[in-house]
Amino acid sequence: MKKLDFGLYVITGENYHPGRTLEEVMREALHGGADIVQLRHKTAKKDELLEKARLLRRLTREYGVPFIVNDDPELALEAEADGVHLGQEDGGWREARERLGPDAIIGISTHSLEQALAAEDAGADYIGVGPVFPTETKPGRPAVTLEYVRQASRHVRIPWVAIGGIGPHNAQQVLGAGATRLCAVSAIVGSASPAQACRELKAMIAAARGRRNGQAYEAGRELAAARAAGETNGWAAAAVDIVLNGGPHRTAAGTLERLVEERGLSGRRIVAEADGQIVPREEWSRCRLRRGMAVELVHFVGGG
Ligand SMILES: Cc1ncc(COP(=O)(O)OP(=O)(O)O)c(N)n1
Ligand SMILES: Cc1ncsc1CCOP(=O)(O)O
Ligand SMILES: [Mg+2]
């Protein structure tokens, strides 16, 4: 039975660690808590790739985490990897499934919600959502921005991981937009301490998941209490339809504070209004979102 349970996905990037071996760097990443590892080396020849794949297979087994090969299902088979990652231009998704079998992990890159839903239908086990930010690791690929992360968090039903230009400096924004899994190359393998970079990202993922679970727990308790009191609608519903900045918006955020996080606006200069009243920042955590509530989030860009 396939079990895909990861928070931090680490991909190799040989150009980012001159003077340090793949084994050193990836062992550190695993030590720091990498939950899944991918071999990605766009220029190596077959023999070198196989050697690196075997090394990573051995290391990942030691740490009990899945090992994925980029682009090449045959290499994945030969190295006894757990699966393969394929992009929109790589194609061959169905052939990869036939070749690797139902238990293999097949990941697919997506750059839009439409591609995400198509990848789900094609039987992907997880999808990559990105590049969220522009990145030197994937030059020429336009950033999908946090907007696609928000869309994925609302509509994608299989595991999905945000990727592209993500590191401890901006991970909060990505998590605030709804991601619960992060993937990185340069921020980890290019760090002076890959283990520390992993620990920081894992701690941020754990905190974001904790906030989300707490919120679900609170929403569940409130729903149960409301049901016991005979109330079926209103703020106690797990997800409510509100009017956000003039348009319809379904959210399980629960409070204004969580809504600001969900929109990736935490830490920004914001004025929030609920049903025409300005809500002071210190009240956001107590301001519950009710069905039909009109919320305005106005943020100020720039300064000076
Ligand atoms: C987890 C993950 N997400 C996205 C990619 C990118 O795949 P692709 O678009 O095929 O680009 P290349 O990596 O092949 O250059 C990935 N490898 N892993
Ligand atoms: C392979 C790939 N696909 C989308 S972004 C990306 C590169 C991510 O690398 P980094 O974490 O260094 O931005
Ligand atoms: Mg590819």
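Heavy atoms only: backbone and side chains are in, while hydrogens, waters and symmetry mates are out. Treat the numbers as computed from the prediction; the structure is a model and nothing was measured. Each ligand, and each atom within it, is numbered from 1 in the order the structure gives. By convention here, the first residue in the shown sequence is residue 1.
- With respect to atom 18 (N) of ligand 1, the closest heavy atom belonging to the protein is Gln38 NE2, 3.0 Å.
- A salt bridge does not link Glu48 with Lys45: every distance from a Lys NZ or Arg NE/NH1/NH2 to an Asp or Glu carboxylate oxygen is 4.0 Å or more.
- Between the Asp82 side chain and the Ile68 main chain, no donor and acceptor come within less than 3.5 Å of each other.
- The closest approach of Asp71 to the Mg ion (ligand 3), by N/O/S atoms, is made by OD1.
- Atoms of ligand 1 lying under 4.0 Å from any heavy atom of Tyr9, numbered from 1 in the order shown and given with element: 1 (C).
- Not a single N/O/S atom of Glu89, whether from backbone or side chain, sits less than 2.8 Å from the Mg ion (ligand 3).
- Among all protein heavy atoms, the one lying closest to atom 2 (C) of ligand 2 is Ile163 CD1, 3.7 Å.
- For Ala184, the closest heavy-atom approach to ligand 2 falls below 4.0 Å.
- Taking any N or O of Ala187, backbone or side chain, none lies under 3.5 Å from an N or O belonging to ligand 2.
- Selection from Arg181, Lys138, His111, His85 by nearest heavy atom to atom 5 (C) of ligand 1 gives His85.
- For Leu86, no nitrogen or oxygen atom sits less than 3.5 Å from a nitrogen or oxygen atom of ligand 1, counting backbone and side chain alike.
- Classification of Asp275 and Arg290 as a salt-bridged pair fails, no side-chain N sitting under 4.0 Å from a carboxylate O.
- The Lys42 neighbourhood of ligand 1 comprises atoms 12 (P), 14 (O), 15 (O), with distances under 4.0 Å to a heavy atom of that residue.
- The backbone N or O of His31 lies less than 3.5 Å from no partner atom in the side chain of Arg27, so there is not a single donor-acceptor pair.
- Some N or O of Ser109 is nearer than 3.5 Å to an N or O of ligand 1, by distance alone.
- Checked by atom type and distance alone, the side chain of Arg57 pairs as donor or acceptor with a backbone atom of Glu80 at under 3.5 Å.
- Listed by number with element, the atoms of ligand 1 under 4.0 Å from a non-hydrogen atom of Asn70 are 12 (P), 13 (O), 14 (O), 17 (N).
- When atom types are taken as modelled, the side chain of Trp284 and the backbone of Val279 share a donor-acceptor pair closer than 3.5 angstrom.
- No N or O atom of Gln88 sits closer than 3.5 Å to an N or O atom of ligand 1.
- Rounded to the nearest 0.5 Å, atoms CZ (Arg97) and CZ (Arg94) are 12.5 Å apart.
- Remark: Arg157 engages Glu120 in a salt bridge, criterion side-chain N to carboxylate O under 4.0 Å.
- The structure places CZ of Arg40 at 14.0 Å from CG of Asp72, a figure rounded to the nearest 0.5 Å.
- Atom 10 (O) of ligand 1 has Asp90 OD2, 2.9 Å as its closest protein atom, hydrogens excluded (heavy atom only).
- Looking at Asp71 next to ligand 1, an N or O pair under 3.5 Å apart turns up.
- Here's the thing with Arg40: one of its N/O atoms is less than 3.5 angstrom from an N/O atom of ligand 1.
- Of the possible polar contacts, none joining the Arg250 side chain to the Arg154 backbone as a donor-acceptor pair under 3.5 Å is found.
- Put simply, no part of Arg141 is less than 4.0 Å from ligand 1, judged by heavy atoms.
- Against a heavy-atom cut-off of under 4.0 Å, Gly87 is close to the following atoms of ligand 1: 8 (P), 9 (O), 10 (O).
- Of the candidates Ser186, Ala143, Gly167, Gly87, the one placing a heavy atom closest to atom 12 (O) of ligand 2 is Ser186.
- Looking at Ile188, Ile166, Thr137, Val129, it is Thr137 that brings a heavy atom closest to atom 10 (P) of ligand 2.
- The Mg ion (ligand 3) is closest to atom OD2 of Asp90 (considering only N, O or S atoms).
- Relative to the ring axis of Phe6, Arg181 places its NZ or CZ within 45° and under 6.0 Å from the centre.
- Using a 4.0 angstrom heavy-atom cutoff, Arg40 counts as in contact with ligand 2.
- Using a cutoff of 4.0 Å between basic side-chain nitrogens and carboxylate oxygens, Arg258 and Glu261 are scored as salt-bridged.
- The pair Glu74-Lys46 fails the salt-bridge criterion, with no side-chain N (NZ, NE, NH1 or NH2) lying under 4.0 Å from an Asp/Glu carboxylate O.
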